[in-house]
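For ligands, and for the atoms within them, numbers begin at 1 and follow the listed sequence.
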Amino acid sequence: MAFQTAPLETLIEQLERLPSIGHKSATRLAFHLLRASSEEANALVEAIVNAREQIRECTVCCNLADSEHCPVCAAEGRDRRTVCVVEEPQDVGAFERTREYHGLYHVLHGTISPMDGITPDKLRIRELLYRVANEDIAEVIMATNPTVEGEATAMYIAKLLAPFNIRVTRLAYGIPVGGDLEYADEITLRRSLEGRSDLT
Ligand SMILES: [Zn+2]
């Protein structure tokens, strides 16, 4: 039986749907928002609405962007012949923090996982093939996570890239198997990058 007002119940329910937020945290957040000034609460609502409306995918690399090109593709002086393929936009940030990588990226937005209904056509693989076919790319670094899905996705894409006769490499294992690139420290990630090996 509900013992809180319906709007509060709804707010808690919505917050609980966010990743890593349990019922307790959702309740705490809901009460915090109720106590906050209306400016503060409105700023949060506005930030969510703006992010949803303004953020789209970069037309080159599928990274998140607020205009046609993401900040990396728009930047001067990057090595446009090297493309690092990552699973999620957050992984771009992880590589950028190493300051060791100066090429471009390609964001897949997931990994192949037939059990979860994620087939290759749901990822930005077609966009990657288009780039390799139409741009002057010398090397593609497969930087998907060292998980079963990440490995399978890297191998799948490497096969598709084989006819293009370019260098296809995979990150070396400084990164723990089953780990998540987003949380890898900079040294580990840098070593992985330096020790990358040819896939084809
Ligand atoms: Zn981009």
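Counting only distance, with no hydrogens or angles, the side chain of Arg170 and the backbone of Thr144 share a donor-acceptor pair below 3.5 Å.
With values rounded to the nearest 0.5 angstrom, Arg78 atom CZ is found 5.5 Å from Tyr105 atom OH.
Metal site remark for the Zn ion (ligand 1): Cys73 contributes an N, O or S atom at a distance under 2.8 Å. Residue side and main chain included, Cys62 places no N/O/S atom under 2.8 Å of the Zn ion (ligand 1).
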task: Could you walk me through whether Arg124 and Glu57 pass side chain to side chain contact (heavy atoms under 4.5 Å, CB included), step by step?
output: CA-CA 11 Å; Arg124 309 298 185 272; Glu57 283 181 24; 2.5 Å; yes
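Rounded to 10°, the angle formed at the Zn ion (ligand 1) by Cys58 SG and Cys61 SG is 110°.
Taking a cutoff of 4.0 Å between a charged side-chain nitrogen and a carboxylate oxygen, Arg81 and Asp136 qualify as a salt bridge.
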